[in-house]
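Just passing along the structure, written as structure tokens.
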Amino acid sequence: MSEQLTEKERKAQEQLAKVRHSMAHVMAEAVLEMFPTAQIAIGPAIENGFYYDFDLPRQLTNEDLDEITERMKKIIGQDKKFVRTVVSRDEARKRFSDQKYKLELLDAIPEDEEVSLYNQGGFTDLCRGPHVESTKELHADAFKLLSIAGAYWRGKETNPMLTRIYGTAWNNAKELRLYMEHLADIEKRDHRKLGKELDLFSLHEEAGPGLVYWHPRGARIRQQIENFWREEHYKNGYEIVYTPHVGKSWLWETSGHLGFYKDSMYPPMEMDNMDYYVKPMNCPFHIMIYQNSKRSYRDLPFRWCELGTVYRYEKAGALHGLMRVRGFTQDDAHLFVTPDQMDGEIREVLRFSLYMLHSFGFQEIKAYLSTRPEKAVGEQERWDAATEALRKAIEAEGLDYEVDNGGGAFYGPKIDLKIKDAIGREWQLSTVQFDFNMPERFKLTFVDKDGVEKRPYMIHRALLGSIERFFGVLVEHYAGAFPPWLAPEQVKIIPVGEAYFDYAKQLEGRLRQAGLRVSSDLGDDRMNAKIRNAQKLKTPYMLVIGEKEASGDLVAVRTRTGKQSTVSTGEFIKQVQEIVASKQQLE
RNA sequence: GCCAAAGUAGCUCAGCGGUAGAGCAGCUCACUCGUAAUGAGCAGGUCCUGGGUUCAAUUCCCAGCUUUGGCUCCA
């Protein structure tokens with residue numbers, strides 16, 4: 001199932017990576033022309049482009065980017081050859097004696113590896129390559145410098161901050177244009193922008209950053225998501241639980257959260273000489289329910305789910321719209337299972353997860369299997385068994401997957417599912433995680449057939465992740481044009497004139513009785529303006545009502561996609577109900 | 001948290017060392033309308049907050065808060 005590239009595609013990709021990497025060198029040359037004392041760090045090719053990190057004598061402005069661009073164009077036009085030479089370490093050290101970052105990189109190259117330099121005339125870089133033969137292969141009209149950003153040297157928070165310049169580069173001007181259009185599309189779909197335009201939600205710095213306010217229209221969508229979620233959980237053998245928002249410190253000490261994540265938790269509140277913490281996770285609470293009685297192997301598995309709102313102190317600079325917030329609702333569940341049940345339960349969780357994601361319109365899904373890291377709790381056999389269970393489940397579902405060796409949490413291996421949205425971006429939504437830690441820490445037991453108390457296995461899982469984030473992804477995926485089953489308002493009734501206001505209200509009542517989300521526009525705008533307003537809100541159906549419709553029990557349907565038709569009111573209701581029931585998108 | 005940029009009306013933005021402007025939205029009035037904006041009028045602002053410089057600060061400087069783009073982080 002994995003993406004197989006043909007030889008030709010692979011070569012084309014390699015070439016483009018070389019172009020981008022070489023662009024980075026050209027940019028470095030241009031920057032050194034402008035700032036001869038600049039320290040240069042690294043400059044790789046990345047997805048869609050390249051960057052280079054510099055330590056510069058002053059801050060860069062956008063005008064500087066223009067000048068760098070002009071200089072790069074000049075360099076490209078000179079047909080400079082990229083020449084590779086292998087040198088000794090001493091030579092390299094001499095060459096870069098005034099470049100401290102390069103010296104550091106040089107020291108990091110293993111003894112048995114060659115040290116190679118690439119030169120294109122005025123610029124030599126310590127570099128493994130590969131590069132294009134000559135700047136002839138680069139296209140002055142197919143690159144663009146995009147942004148200036150700060151980046152830690154070697155990505156380490158404690159290291160100095162360098163100036164990074166990002167650029168994009170392509171094979172020709174047309175590809176660049178398409179990419180720039182893609183960026184514009186991303187901007188149009190931005191959930192923060194659409195959230196305002198469609199009046200879905202807001203954030204209020206004065207009331208607390210990273211905390212989401214759901215407006216009626218956003219809340220309608222959320223209700224649809226949650227209702228569907230609850231129904232499906234009951235259908236799939238889960239029980240819904242509700243747990244508190246705060247708990248005494250011993251809970252978080254026992255769970256280990258205070259030890260590992262204290263900095264990311266909201267500070268405690270003191271009451272009756274006790275510290276209470278706002279929950280950053282739901283698991284300890286579900287565990288309290290588990291411990292409420294002695295559990296038998298006959299009771300297991302327990303599948304307890306909760307739309308649990310948690311609070312985490314995210315760093316100020318990390319907040320981003322709905323995607324990264326400080327208060328969010330996990331569509332959480334914890335499964336307490338016997339070792340025998342593990343395989344089957346994992347398989348079911350995965351199947352359920354895929355079903356949910358498909359229901360929301362995500363078809364392309366990829367799995368990531370993360371295995372035991374260096375530092376981990378739990379015996380090796382349990383890790384092996386759990387990891388195998390995860391792998392078997394992925395393979396049974398025929399999912400394309402990658403293994404992230406050592407990428408698991410310290411308490412257990414996990415599967416993450418990433419979806420691809422309408423414009424090809426990946427978002428991680430579902431996660432299924434084994435936990436060898438909590439049952440141990442809370443000393444969970446069940447009495448097995450043989451009368452012996454044993455540890456249950458515990459599985460954490462979230463299908464949508466956080467409702468806030470999932471909602472943000474949905475907004476961007478659909479660009480705000482939600483399929484009718486999710487749309488906050490499905491139908492807008494637009495009378496052609498005041499004479500039909502009464503009929504509009506009557507029709508509205510009838511549609512509402514039929515379960516549709518509908519309202520009438522009885523303002524004093526002209527019909528055209530009303531259509532425009534409904535269209536801007538991406539309302540799926542607009543019903544224009546006048547004499548013909550009122551007298552014939554008809555509706556003139558205009559969909560937001562621009563299709564028009566006239567059908568009987570009954571027929572319209574039936575059609576919409578069908579589309580809603582089948583969760584189809586409007587065509 | 002770190003680097004950089006930004007913060008002016010509900011929204012999108014212009015402007016500027018002499019205490020502010022547009023479009024849209026809102027309100028009022030007129031128009032009574034057949035598939036993406038009818039017209040006119042009115043109202044709306046501690047120019048993010050706190051200091052400093054200055055005769056005078058929304059404008060310049062400093063600090064803070066928030067947002068944006070990255071970096072780091074993300075149980």
Side-chain angles (χ1 to χ4, degrees), chain A residues 51 53 55-56 58-62 146-166 187 190 192-193 196-197 199 202-210 252 255-265 279-284 310 312-321 323-326 328 330 332 408-412 414 428 431 433 435 437-438 460 462 465-466 469 494-501 523-537 542-549 556-560 562-566:
Chain A
Y51 68 78
D53 287 345
D55 195 347
L56 298 172
R58 67 164 171 86
Q59 292 159 8
L60 287 184
T61 63
N62 286 325
L146 296 175
S147 60
I148 305 162
Y152 298 112
W153 164 236
R154 299 192 137 182
K156 265 228 178 97
E157 222 173 337
T158 48
N159 282 344
M161 178 71 72
L162 305 173
T163 303
R164 175 172 298 178
I165 304 176
Y166 279 101
E187 221 178 297
D190 191 315
R192 293 166 300 179
K193 192 172 140 88
K196 263 183 205 170
E197 287 172 10
D199 196 17
S202 55
L203 296 151
H204 299 268
E205 53 174 271
E206 70 277 25
W252 311 109
S255 70
H257 287 108
L258 270 177
F260 287 99
Y261 304 109
K262 189 164 200 261
D263 290 347
S264 313
M265 288 170 67
K279 68 176 168 184
M281 285 283 266
N282 302 300
C283 13
V310 298
R312 297 179 184 176
Y313 178 80
E314 298 286 355
K315 288 180 185 173
L319 298 176
H320 178 87
M323 301 303 189
R324 196 73 181 274
V325 290
R326 286 186 177 157
F328 59 96
Q330 292 182 313
D332 211 355
F410 71 89
Y411 52 76
K414 63 170 180 174
Q428 192 209 307
T431 183
Q433 311 185 344
D435 189 341
N437 191 43
M438 293 279 183
H460 305 252
S466 112
R469 186 181 135 88
I494 298 170
V496 298
E498 211 174 330
Y500 306 99
F501 280 17
D524 63 357
D525 280 329
R526 277 158 163 66
M527 179 203 62
N528 280 309
K530 291 180 179 181
I531 288 174
R532 183 164 191 270
N533 290 337
Q535 191 76 45
K536 272 169 55 183
L537 288 174
M542 286 151 269
L543 301 183
V544 176
I545 299 303
E547 180 52 37
K548 201 172 71 187
E549 291 74 22
V557 185
R558 177 197 170 97
T559 67
R560 69 172 169 228
K563 287 189 181 159
Q564 284 176 234
S565 61
T566 299

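Throughout, a chain's letter reflects where its sequence line sits, starting with A, and its residues are numbered from 1.
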Next on the checklist: Work out how far the C1' atom of B/A14 is from that of B/A20, and round it to whole angstrom.
Outcome noted: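 To the nearest whole Å, 11 Å.
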
Reading nucleotides 69-75 of chain B from 5' to 3' and marking B where a protein heavy atom lies under 4.0 Å of the base, S where only the sugar-phosphate is that close, and - otherwise, the string is BBBBBBB

Do A/E157 and A/K315 sit within salt-bridge range, that is, some charged N less than 4.0 Å from a carboxylate O?
->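 A salt bridge is present here (some side-chain N lies under 4.0 Å from a carboxylate O).
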
Could you give the distance separating B/C11 and B/C71 at their C1' atoms, to the nearest angstrom?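 Rounded to whole Å, the distance is 32 Å.
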
### Task
State the pairing partner of B/U68; accept Watson-Crick or G-U wobble contacts with both distances under 3.5 Å, and report none otherwise.
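Across any shown strand, B/U68 pairs with B/A4.
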
Nearest-Å distance once atom P is located in both B/G39 and B/C31: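 16 Å, rounded to whole Å.
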
Exercise. Which nucleotide, B/A4, B/G34, B/C11, lies nearest any side-chain atom of A/E547?
Worked result: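 Nearest to the side-chain atoms of A/E547, counting from C-beta on, is B/G34.
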
>> So A/E549, base contact, sugar-phosphate only, or nothing? Heavy-atom distance under 4.0 Å.
In response: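 Answer is base: heavy atoms of A/E549 come under 4.0 Å of a base.
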
Output yes when at least one side-chain N/O atom of A/K193 is less than 4.0 Å from OP1 or OP2 of B/C11, else no.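 It does not, given that no N or O in the side chain of A/K193 lies less than 4.0 Å from OP1 or OP2 of B/C11.
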
Practice task
Can you tell me, in whole Å, how much space there is between the C1' of B/A37 and that of B/U54?
Solution key: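 Result for the C1' pair: 48 Å, nearest Å.
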
CD1 of A/I165 to CG of A/L56: how many Å apart, nearest 0.5 Å?
->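 Rounded to the nearest 0.5 Å, the CD1-CG separation comes out at 6.5 Å.
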
Specify the closest pair of heavy atoms between A/M161 and A/A151, including all atoms of both residues, with the distance to one decimal.
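Closest pair (atom of A/M161, atom of A/A151, distance): SD-N, 3.1 Å.
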
(message) Are there over 12 heavy-atom neighbours, none belonging to A/E187, within less than 6.0 Å of that residue's CD?
(response)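 No, because the 6.0 Å sphere around CD of A/E187 holds 12 heavy atoms or fewer from other groups.
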
Dump the intermediate steps for side chain to side chain contact (heavy atoms under 4.5 Å, CB included) on A/R469 and A/R324, then the final yes or no. CA-CA 7 Å; A/R469 186 181 135 88; A/R324 196 73 181 274; over 6 Å; no

inquiry  = Using a distance-only criterion (donor-acceptor N/O pair, under 3.5 Å, no hydrogens), is the base of B/U32 paired with the side chain of A/E498?
reply    =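 In this structure, the two groups form a donor-acceptor pair.
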
B/G51 and B/G70: how far apart are their P atoms, nearest whole angstrom?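 Result for the P pair: 36 Å, nearest Å.
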
**Item:** For B/A75, the Watson-Crick or wobble counterpart (both distances under 3.5 Å)
**Value:**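 Partner of B/A75: none.
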
Next on the checklist: I'd like the P distance from B/U46 over to B/C61, given in whole Å.
Outcome noted: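 Rounded to whole Å, the distance is 24 Å.
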
Scan every strand shown for a Watson-Crick or G-U wobble partner of B/C42, both distances under 3.5 Å, and answer none if you come up empty.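 Paired with B/C42, as far as the under-3.5 Å criterion goes, is B/G26.
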
*asked:* Suppose we screen for ring pair (Phe, Tyr, Trp, His ring centres under 6.0 Å). Which residues come up paired with A/Y51, at least two apart in sequence or across chains?
replied: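 Partners of A/Y51 by the ring pair (Phe, Tyr, Trp, His ring centres under 6.0 Å) criterion, ordered by chain and then number, come out as A/Y166.
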
Q: Once you apply the 3.5 Å cut-off to both distances, tell me the Watson-Crick or G-U wobble partner of B/A63, or none.
A: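 For B/A63, the partner nucleotide comes out as B/U49, under the 3.5 Å rule.
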
ask   = In the structure shown, which nucleotide is the Watson-Crick or G-U wobble counterpart of B/A20, with both distances under 3.5 Å?
value =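 B/A20 is paired with nothing.
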
| query | Reckon A/A556 touches a base, only the sugar-phosphate, or nothing at all at heavy-atom distances under 4.0 Å? | reply |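 Counting heavy atoms under 4.0 Å across all strands, the contact made by A/A556 includes a base.
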
Can you find an N or O donor on one side and an acceptor on the other, under 3.5 Å apart, linking the side chain of A/R558 with the base of B/A36?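 Check passes, donor-acceptor contact within cut-off.
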
Distance between C1' atoms of B/G7 and B/G45 (Å, rounded):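 Straight-line distance between the two C1' atoms is 14 Å.
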
Handout entry: Touch class at under 4.0 angstrom, heavy-atom based, for A/Q535 against every strand present
Key =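 If one applies the 4.0 Å heavy-atom cut-off, A/Q535 turns out to touch a base.
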
Could you work out the separation of B/U59 and B/U49 based on their P atoms and round it to a whole Å?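 To the nearest whole Å, 10 Å.
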
Closer than 4.0 Å, any side-chain N/O of A/Q564 to the OP1 or OP2 of B/U35?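 For B/U35, neither OP1 nor OP2 has a side-chain N or O of A/Q564 closer than 4.0 Å.
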
